[in-house]
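Counting convention: from 1, in listed order, for ligands and their atoms alike. Bear in mind the structure is a predicted one, so any value in this text is a computation, not a measurement.
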Amino acid sequence: MKYALTGRMSKEVDRFTIDKMGVPSLVLMERAAVSTAMKVAEIVALFRRNVRILAVCGKGNNGADAVAAARILSWQGVAVDIAVIDDDRKETEEFATQMTIAGNSGLNFVNVSAIPEYDIIIDGIFGTGLSRNVEGIYADVIDLINCSNNVVVSVDIPSGIDSETGAVLSKAVKADATVTFGYNKVGNMIYPGKELSGEVTVADIGFCPEAIKTLNPCMYFTEDDLRKIPDRKAYSNKGTYGKILVIAGSRDMSGAAYLSGASAYRTGAGLVEILTYESNTDIIKKLLPEAIVTGYNEDNYCCMLEKSLKKATCVILGPGLSKDITAHNITEEVLKRCEVPLIIDADALNIIAEDISLLKSYSHVAIITPHIGEFMRLTGLTKEELLKDSVAAAKCFAQEFNVILVMKNAVTVVAEPCENGRAYINSSGTGAMSKAGMGDVLTGVIAGMLSLRIEPFSAACMGVYLHGIAGEIAEEEQGSHSVMAGDVVNILGKAVNK
Ligand SMILES: NC(=O)C1=CN([C@@H]2O[C@H](COP(=O)(O)OP(=O)(O)OC[C@H]3O[C@@H](n4cnc5c(N)ncnc54)[C@H](O)[C@@H]3O)[C@@H](O)[C@H]2O)[C@@H](O)CC1
Ligand SMILES: [K+]
């Protein structure tokens with residue numbers, strides 16, 4: 001597991017390492033600059049000719065990093081110049097020091113108007129200290145970089161991105177690569193910042209690890225975390241891995257129930273029961289003969305529900321359920337009676353959106369998995385309002401409604417329902433997954449993780465990560481336009497074992 005910091009947290013990590021541990025600021029900076037220079041040198045090697053590099057710098061410590069990286073490259077024999085964006089802003093002490101060293105080293109200082117003449121730009125205009133919209137000369141310089149045909153390496157975060165949210169603060173550099181220090185930044189992980197940061201390298205520059213202990217940063221997973229999925233016990237039977245009840249499907253809608261149930265089986269569930277509208281039972285039995293398939297109708301749903309709920313160790317409610325009167329009644333009944341972890345998705349969320357008090361009154365573990373449209377209906381907020389700061393929006397909702405919230409989007413965020421709860425930012429997945437049925441697969445994968453007895457918040461995060469990894473493998477095999485939800489179901493096993 002890794003952590004992603006906001007600018008405010010980065011500052012605290014800096015201060016802790018510098019003030020409490022006594023590591024001089026310039027030592028950290030030298031390591032940041034060496035990491036940046038190494039990345040630039042890698043790119044220089046790809047050109048196979050002499051290249052011209054320009055470090056474009058503000059007068060904060062992000063600029064100081066860029067000046068130091070330029071000096072290091074220059075000492076290595078690479079042609080580097082420096083352009084400082086000069087306004088009335090006061091320079092930091094570190095910036096002044098780096099400028100003195102660069103001057104002593106004979107580096108050339110040029111005007112920012114020369115940007116288009118260079119092959120590679122080192123972007124050190126703003127880092128995590130950016131605190132307001134970019135305007136005036138800064139905006140003009142960012143436009144000039146983005147219009148020029150050079151490779152851009154951003155220092156820490158592309159200049160103009162809000163490190164806390166990934167939002168563009170009116171203008172932002174579009175980088176090909178970003179070298180970020182110590183920990184990734186939330187702004188590099190969430191769109192549009194994720195797209196503008198290009199390939200991100202997280203470089204260790206010697207921050208004291210103690211420093212993040214009091215900060216509650218966002219978490220994210222890498223492939224190493226897949227090893228945390230527990231092995232299957234030799235001494236076990238299907239009961240060891242729980243019974244997942246999938247309440248899904250409606251008249252003429254059977255696919256969602258299949259996708260959820262099959263995904264739960266593919267990720268570890270011992271037994272899956274699908275409770276669906278009676279006209280779906282034959283088709284689902286054919287699609288998934290391993291499942292117990294039970295049908296209900298408008299008259300008997302209550303008694304069928306009662307029987308099935310008694311045996312379940314985890315319930316999925318909502319995929320393809322429709323919003324008809326029976327679906328409403330089922331949703332209300334499940335929220336009244338279910339006493340095991342409940343994953344609520346799709347139509348059940350739309351039903352709840354009409355009366356949000358249903359969710360508030362539920363007192364057991366609930367994991368809800370809205371996409372942005374469903375989340376808008378649940379909150380009454382606009383897309384812009386929700387995406388302005390998706391981590392904050394997710395945390396706030398999770399806490400208010402006491403649910404584990406999986407806010408599905410190109411970058412899915414998971415939030416824990418308590419004060420100062422954990423938040424997870426997903427780093428797996430691909431545009432190939434923007435297809436119908438993918439959400440149904442996700443509910444099954446989360447249920448699968450719960451059946452392996454991973455605690456609910458981690459099960460939700462791991463489910464989201466694993467689902468994205470399966471999508472990536474499916475894309476490699478099928479190409480980005482061709483992946484369907486069923487392909488992801490069948491690839492889940494490869495993802496678990498990756
Ligand atoms: N020892 C340290 O302090 C280290 C700092 N590091 C670097 O320092 C960076 C943070 O440095 P700073 O805190 O100096 O901040 P930045 O260099 O990110 O720049 C922010 C400066 O610009 C001003 N500013 C903010 N928004 C503005 C706007 N829209 N228009 C004009 N001016 C604006 C601020 O007042 C501040 O002076 C990190 O991103 C990282 O690159 C790294 O070298 C690691 C070590
Ligand atoms: K930058």
Dump the intermediate steps for side chain to side chain donor-acceptor pair (under 3.5 Å) on Thr165 and Asp389, then the final yes or no. CA-CA 5 Å; Thr165 64; Asp389 186 345; 5.9 Å; no

Side-chain contact test, heavy atoms from C-beta onward, threshold under 4.5 Å: evaluate it for [X] versus [Y] and give yes or no.
| X | Y | value |
| --- | --- | --- |
| Ile368 | Val406 | no |
| Ile425 | Ile190 | yes |
| Asn150 | Ile120 | no |
| Lys2 | Asn184 | no |

Distance-minimising heavy-atom pair for [X] and [Y]:
| X | Y | value |
| --- | --- | --- |
| Asp204 | Arg31 | O-NH2, 3.5 Å |
| Ala70 | Val80 | CB-CG1, 3.5 Å |
| Cys218 | Val186 | SG-CG2, 4.3 Å |

Dump the intermediate steps for side-chain contact (heavy atoms from CB on, under 4.5 Å) on Glu477 and Ile473, then the final yes or no. CA-CA 6 Å; Glu477 294 188 2; Ile473 301 173; 3.9 Å; yes

Hey, is Ile125 one of the residues with a heavy atom under 4.0 angstrom from ligand 1? no

Of all the heavy atoms in Ser131, does at least one lie under 4.0 Å from an atom in ligand 1? yes

Within the stated cut-off of 3.4 Å, is an N/O/S atom of [X] closer than that to the K ion (ligand 2)?
| X | result |
| --- | --- |
| Thr178 | no |
| Ile157 | yes |
| Phe126 | yes |
| Asp156 | no |
| Val155 | yes |

For the atoms OD1 of Asn62 and O of Asp123, give the angle they form at the K ion (ligand 2), rounded to 10 degrees. 80°

Using a distance-only test with no angle check, is there a side-chain donor-acceptor pair under 3.5 angstrom linking Asp156 and Ser154? no

Close aromatic pair by centroid cut-off 6.0 Å: [X] and [Y]:
| X | Y | answer |
| --- | --- | --- |
| Tyr424 | Phe457 | no |
| Phe207 | Phe181 | no |
| His467 | Tyr465 | no |

Nitrogen or oxygen of [X] less than 3.5 angstrom from that of ligand 1:
| X | value |
| --- | --- |
| Asn61 | yes |
| Glu94 | no |
| Thr128 | yes |
| Ile205 | no |

Can you pull out the closest protein heavy atom to [atom]? Residue, atom name and distance to 0.1 Å, please.
| atom | value |
| --- | --- |
| atom 42 (C) of ligand 1 | Asp65 OD2, 3.3 Å |
| atom 3 (O) of ligand 1 | Asp14 OD2, 3.0 Å |
| atom 35 (O) of ligand 1 | Arg132 NH1, 4.3 Å |
| atom 16 (P) of ligand 1 | Gly127 N, 3.7 Å |
| atom 21 (C) of ligand 1 | Arg89 NH1, 2.9 Å |
| atom 30 (N) of ligand 1 | Phe126 CZ, 3.5 Å |
| atom 39 (O) of ligand 1 | Asp156 OD2, 2.6 Å |
| atom 1 (N) of ligand 1 | Ser25 OG, 2.8 Å |

Taking only heavy atoms of [X] into account, list the atoms of ligand 1 that are under 4.0 Å away from them.
| X | value |
| --- | --- |
| Asn133 | 29 (N) |
| Gly60 | 14 (O), 17 (O) |
| Ile18 | 1 (N) |

Pairs meeting criterion side chain to side chain donor-acceptor pair (under 3.5 Å) with involvement of residues 433-445, two or more places apart: Ser260-Thr443

Within the 4.0 Å heavy-atom cut-off, what Asn62 brings close to ligand 1 is both

